[in-house]
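Computed from heavy atoms alone, side chains included, the values below leave out hydrogens, waters and symmetry copies. Positions are given from 1 along the sequence.
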Amino acid sequence: MKHIFEKGSREEAPTLVLFHGTGGTERDLLPLAKRIAPDSSVLSLRGNVLENGMSRFFRRLAEGVFDEGDLVFRTQEVSEFLDQAAKQYGFDRSRLVGVGYSNGANIAGSLLFHYRDALQGAILHHPMVPRRGIVLPELSGLPVFIGAGTNDPICSARETEELEGLLRGAGASVTVHWERYGHQLTPMEADAAAAWFQEHFGL
């Protein structure tokens with residue numbers, strides 16, 4: 001996968017894995033990573049799927065309708081890439097915190113839905129429910145931050161609450177931060193994610 005790796009100043013800090021939104025690149029969330037965890041190493045990925053020339057992490061059939069088969073395949077692809085990257089760059093595979101926005105938040109969420117040890121924690125900005133009707137892995141105590149907008153036209157409040165319930169049901173420790181905006185990632189939401197990260201992973 002196309003990606004950027006930037007080594008952080010503190011090896012004991014978790015490595016952030018960044019997942020951009022539709023049409024983004026591996027550079028989009030680098031400023032957000034600096035805001036959240038300036039001392040952490042960063043691995044930022046570019047999605048391998050193109051939709052009308054825009055990069056994504058998995059295919060969709062329509063707005064809000066995921067291609068489940070492709071989602072499962074691409075989730076495995078990302079998981080295996082993280083295994084390879086840990087060996088290539090020498091970071092601790094068990095100390096990864098996913099940071100995703102929109103489509104990127106959905107693939108990060110899908111990692112949680114499918115692989116118990118894929119991530120040590122996750123910051124999901126405006127995610128949807130990746131899949132329904134499956135049994136999630138045991139996520140006891142795994143911390144998850146969800147940033148949501150009460151006026152988000154793509155990800156409804158009901159969708160956010162459903163995702164929160166599914167993750168909590170698997171044992172995850174979920175924090176939901178609401179903004180009275182739409183699908184955009186606001187500075188206030190980024191600051192809330194940074195504060196959450198310091199609370200759970202600050203050294």
Side-chain angles (χ1 to χ4, degrees), residues 1 17-24 45-52 54-83 93-94 96-179 182-183 185 189 193 196 200:
M1 299 184 73
V17 185
L18 310 184
F19 304 93
H20 62 76
T22 298
L45 312 186
R46 182 189 295 190
N48 272 347
V49 171
L50 286 179
E51 180 185 274
N52 300 320
M54 298 184 296
S55 294
R56 283 176 55 84
F57 285 97
F58 58 89
R59 289 196 297 265
R60 58 184 171 182
L61 305 177
E63 183 74 59
V65 182
F66 301 162
D67 180 331
E68 277 205 23
D70 192 60
L71 172 61
V72 171
F73 172 76
R74 299 296 176 181
T75 302
Q76 180 180 354
E77 177 182 61
V78 169
S79 179
E80 291 174 352
F81 177 76
L82 295 179
D83 294 342
R93 177 67 181 84
S94 69
L96 301 184
V97 175
V99 181
Y101 166 66
S102 193
N103 176 245
N106 295 335
I107 194 74
S110 184
L111 283 169
L112 298 179
F113 270 49
H114 292 95
Y115 299 101
R116 168 61 186 96
D117 297 318
L119 299 172
Q120 189 184 29
I123 296 173
L124 309 177
H125 295 286
H126 302 264
M128 298 176 69
V129 175
R131 292 183 71 195
R132 292 176 170 86
I134 66 169
V135 177
L136 272 63
E138 169 58 47
L139 301 176
S140 181
L142 190 144
V144 179
F145 174 95
I146 297 176
T150 55
N151 296 305
D152 192 331
I154 296 173
C155 177
S156 68
R158 182 178 298 177
E159 180 101 12
T160 299
E161 290 162 357
E162 182 184 354
L163 177 59
E164 177 188 9
L166 290 169
L167 290 169
R168 284 189 188 279
S173 173
V174 185
T175 299
V176 180
H177 174 82
W178 292 96
E179 294 281 347
H183 199 62
L185 202 173
E189 186 178 318
W196 175 91
H200 290 276

Side-chain contact test, heavy atoms from C-beta onward, threshold under 4.5 Å: evaluate it for Ser102 versus Leu185 and give yes or no.
no
Taking side chain to side chain donor-acceptor pair (under 3.5 Å) as the test, write out the residues that go with Thr175, two or more places apart.
none
Any residue meeting ring-ring contact (aromatic ring centres under 6.0 Å, His included) with Phe19, in chain and number order, not counting sequence neighbours:
Phe57
Quick check for you: to the nearest 0.5 Å, what is the distance between Leu139 atom CG and Asp117 atom CG?
9.5 Å
Go through the structure and list residues passing salt bridge (Lys or Arg N to Asp or Glu O under 4.0 Å) with Asp83, not counting sequence neighbours.
Arg93
Arg60: which residues meet the salt bridge (Lys or Arg N to Asp or Glu O under 4.0 Å) condition with it, sequence neighbours left out?
Glu51, Glu63
Donor-acceptor contacts, no H, no angles, side chain residues 166-173, under 3.5 Å, sequence neighbours left out:
from   : atom 1 : to     : atom 2 : distance (Å)
Arg168 : NE     : Glu164 : OE2    : 3.0
Arg168 : NH2    : Glu164 : OE2    : 3.2
Arg168 : NH2    : Val174 : O      : 2.6

Donor-acceptor contact present, side-chain His125 to main-chain Ala105, <3.5 Å
no
For Gln120, which residues count as a side-chain contact (heavy atoms from CB on, under 4.5 Å) partner, sequence neighbours excluded?
Pro14, Arg95, Phe201
Got a sec, which residues hit side chain to side chain donor-acceptor pair (under 3.5 Å) with Ser94, two or more places apart in sequence or on another chain?
Asp92
Would you list the pairs meeting salt bridge (charged side-chain N to carboxylate O under 4.0 Å, His left out) in which at least one residue belongs to residues 133-159, sequence neighbours left out?
Arg132-Glu159
Those residues at least two apart in sequence (or on a different chain) that pass ring-ring contact (aromatic ring centres under 6.0 Å, His included) with His200 are Trp196
With sequence neighbours excluded, tell me which residues meet side chain to side chain donor-acceptor pair (under 3.5 Å) with Arg74.
Asp70, Glu77
Sorted by chain and residue number, the ring-ring contact (aromatic ring centres under 6.0 Å, His included) partners of Phe113 (sequence neighbours excluded) come out as none
Identify, with sequence neighbours excluded, every residue that meets side chain to side chain donor-acceptor pair (under 3.5 Å) alongside His114.
Ser110, Arg131
Geometric class of the Phe145/His177 ring pair [parallel <30°, tilted 30-60°, perpendicular >60°]
parallel
Given the rule in the side chain to side chain contact (heavy atoms under 4.5 Å, CB included) test, do Leu71 and Ile107 qualify, once you have shown the distances and angles that lead to the verdict?
CA-CA 8 Å; Leu71 172 61; Ile107 194 74; 4.1 Å; yes
